[in-house]
There are 2 protein chains.
Amino acid sequence: MARSTQQNRFRLANQILDVIRDARLEPGHHLREQQLADLVGVSRTPIRSALDLLAERGIVETRKNHGFFLRKPFDSLHRIEIAVPSTIEDEFYARLVRDRLENRIPNSITQSEIARRYKVDRVSLTRTLSRLAEDGLIARKQGHGWSFLPTLDSVVSLRASYEFRLTIEPSSFLLPTFKPDPGAIERMRLQHLYLISHPDIATVSSTQLFETDAAFHEMCAEFCGNAFFSQAIQYQNRLRRLLEFGSYFDSRRVREWCREHLAIIESIASGDLAQASGQMRAHLEQALRAAQTAQQHSRS
Amino acid sequence: MARSTQQNRFRLANQILDVIRDARLEPGHHLREQQLADLVGVSRTPIRSALDLLAERGIVETRKNHGFFLRKPFDSLHRIEIAVPSTIEDEFYARLVRDRLENRIPNSITQSEIARRYKVDRVSLTRTLSRLAEDGLIARKQGHGWSFLPTLDSVVSLRASYEFRLTIEPSSFLLPTFKPDPGAIERMRLQHLYLISHPDIATVSSTQLFETDAAFHEMCAEFCGNAFFSQAIQYQNRLRRLLEFGSYFDSRRVREWCREHLAIIESIASGDLAQASGQMRAHLEQALRAAQTAQQHSRS
DNA sequence: GATTGTATAATAATCTCCAATAAAACAATC
DNA sequence: GATTGTTTTATTGGAGATTATTATACAATC
């Protein structure tokens, strides 16, 4: 979907950075084009384009007839991630959802009304609408026009979302196919320790907080070895990005859930999955309460 | 999606038949255009077109300057449902999945290879591919081409699908928002009784059997009042249409699951949701076993 | 001989214009 | 005055050509 011009170049550049970090490459390392291409699964053409981008940013240098060479040490790349420029479509998606949640657009609307109102081209429009439809937020009416689905009522959906997660997440630990990945667990633990020990958690962007939270739950779902569970959790996270954004400013709650996550991580690591399951249940119940009060505040 | 030419006319005709049946209209009844249009949520134009279709089939008659009048009694319409002609895309979708399951096409393939092989136009092709992607069966590769996801391994997925359903379906009954619709229950009961008492169940098309089964599970999920549960079940049913098609020929098993469904319906009707939940669990475990043996047979 | 540089071919996305469909307005009929 | 018949207008879908992107083949360089 939505691979609008040039975006892919940025994504690829990031993947190359991942490779550099994972392989702990040092300055001066020769980045062979074909090798990278094979690793990522594309041809040399787009790899070159991405390397050019990295060269522009001074991360690699290019020597005529010799190719690209790393300039910076792998660990200095930790945070310079090349920001993937967000597409018009992503912004438009979020804007539509927010405008609907705050009742600035009617429940039922035609495509071209939206086009006029938001001044987007028809391609981005139809693509965004089908993404919204995929995500279960809107549905095409019979005949012309679209209407928003009740999912987009934040109070009801918040509850429903947690009820759904309370059903699937705790039981995912108890599946016979459950199999944790020690490496992933360790990375996740470090990330949480970093957050929890951070002197002033309020300075961490709420996006980053949210992504950590989401990644934790997706990791657990991955472990259970059942694609349907992880698919469902990914879907819930996409939704939560829209519904729960407000809840990520309470720094006391952030420390709390970090600790809850860490406790679950411990249980998984020690192999006590029944305990992990119970802890997950308690964590979700706690999180629902927090999200509900956050919602009330933002409403008043 | 996929509202290719004329399809809508058939769908609308069916909806009008639904209205006639639900309202128990008798021959001679005047079918007012605007009224139907409001009921269905479209304008008069497509309603007229659908009524014309019904007129062609002799179900309604048209009197100049007076409009359309019902010719047949509502209960005679029970089975003459106007068959919605299946689109090229639906068939193409199923064909692709089957060909992949039976390893007739490689795991990784470009759009235009498919286009050449199956001789479909570009629009249907991209639409079918994005439907497959939505359903989690294929994913776009970086660069050109698509690859099939492991979901399409029938043995693994069958188990995973039932594990997932075993987690959500029984608990859906226990949600505080659970609220059955007596009318829907009654219709479902009749449909099952019809099947079970059918002298020779083998003559009923397996599509029809499957749809009855799917409709039952979707109905239960609807009742729980949580859109995420019903969405998940709908998704599972779409998948099952592809994976379990073989299992619908064993007429003994069909009678069995009919009885299991009926027992659950009884429990719901009598308000004993805990019992319904337990029965659903047992039913799904039973169904998994049946599907697995069916799969083994079709494999040998 | 492995790797980069460059050209060419294949593939997929986008844009424009036109046709099909649906909505809305209005006239005609009972 | 309600309902159908007819026309007009708006909206959406679709085919073809164009452009951007990716894959591939091959020459040049070290």
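Residue numbering restarts at 1 for every chain, and letters A, B, ... go by the order of the sequence lines.
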**Request:** Measure from CZ on B/Phe68 to C1' on D/dT3 and round the result to the nearest Å.
**Result:** 12 Å
**N/O (side chain, B/Ser43) to phosphate O (OP1/OP2, C/dA22) under 4.0 Å** = no
**Message:** So, OP1 or OP2 of C/dA22: does either fall under 4.0 Å of a side-chain N or O from A/Arg140?
**Reply:** no
**Message:** At 4.0 Å (heavy atoms only), tell me whether A/Leu125 reaches a base, stays on the sugar-phosphate, or touches nothing.
**Reply:** nothing
**Request:** Can you tell me the distance, in whole Å, between the CD atom of A/Gln142 and the C1' atom of D/dT12?
**Result:** 15 Å
**Complete:** The residue, B/Leu12 or B/Thr126, whose nearest nucleotide of DNA chain C is more 5′ is B/Thr126
**Prompt:** To the side chain of A/Val123, which of C/dC15, C/dC30, C/dT4 is closest?
**Reply:** C/dC15
**Asked** Tell me, do B/Arg57 and B/Leu54 make a side-chain contact under 4.5 Å, heavy atoms counted?
**Response** no
**Item:** Nucleotide of D/dT3, C/dA22, D/dA23 approaching B/Asn8 most closely (side-chain heavy atoms)
**Value:** C/dA22
**Phosphate OP1/OP2 of C/dT21 contacted by B/Arg9 side-chain N/O (<4.0 Å)** = no
**Prompt:** Which nucleotide in the list D/dA15, C/dC15, C/dC30 gets nearest to the side chain of B/Asp121?
**Reply:** D/dA15
**Request:** Starting at atom CZ of A/Arg48, determine the distance to atom C1' of D/dT22, rounded to an integer number of angstrom.
**Result:** 14 Å
**Message:** Between A/Asp121 and A/Ser124, is there a side-chain donor-acceptor contact under 3.5 Å, judged purely by atom types and distance?
**Reply:** yes
**Message:** Once you apply a heavy-atom cut-off of 4.0 Å, does A/Ser112 come out as touching a base, just sugar-phosphate, or nothing?
**Reply:** sugar-phosphate
**Prompt:** Are any of the side-chain nitrogens in B/Glu33 or B/Arg44 under 4.0 Å away from the carboxylate oxygens of its partner?
**Reply:** yes
**Asked** Quick one: which of C/dT3, C/dA12, D/dG14 gets closest to the side chain of A/Arg32?
**Response** C/dT3
**Item:** B/Arg131 and B/Asp90 ion-paired at < 4.0 Å
**Value:** yes
**Item:** Rounded interatomic separation in angstrom, taking NE2 from B/His66 and P from D/dT3
**Value:** 13 Å
**Asked** In whole Å, what is the span from the CD1 atom of A/Ile47 to the P atom of C/dT6?
**Response** 18 Å
**Item:** B/Arg122 vs A/Arg44, nearer the 5' end of DNA chain D by closest nucleotide
**Value:** B/Arg122
**Prompt:** Quick one: A/Phe69 CZ to C/dT3 P, roughly how many Å, whole number?
**Reply:** 11 Å
**Message:** Would you say B/His30 places a side-chain N or O within less than 4.0 Å of OP1 or OP2 belonging to D/dT4?
**Reply:** yes
Under 3.5 Å, side-chain donor or acceptor atoms of residues 62-70 of chain A against the rest of the protein: list the pairs with distances, not counting sequence neighbours.
none

**Prompt:** What is the distance, rounded to the nearest whole Å, between atom NE2 of A/His144 and atom P of C/dA22?
**Reply:** 6 Å
**Prompt:** Nearest-Å distance, CD (A/Glu33) to C1' (D/dT24)?
**Reply:** 14 Å
**Request:** Report yes or no: do A/Glu218 and A/Asn237 form a side-chain donor-acceptor pair below 3.5 Å?
**Result:** yes
**Prompt:** Of A/Gly41 and A/Lys64, whose nearest nucleotide on DNA chain D comes first from the 5' end?
**Reply:** A/Gly41
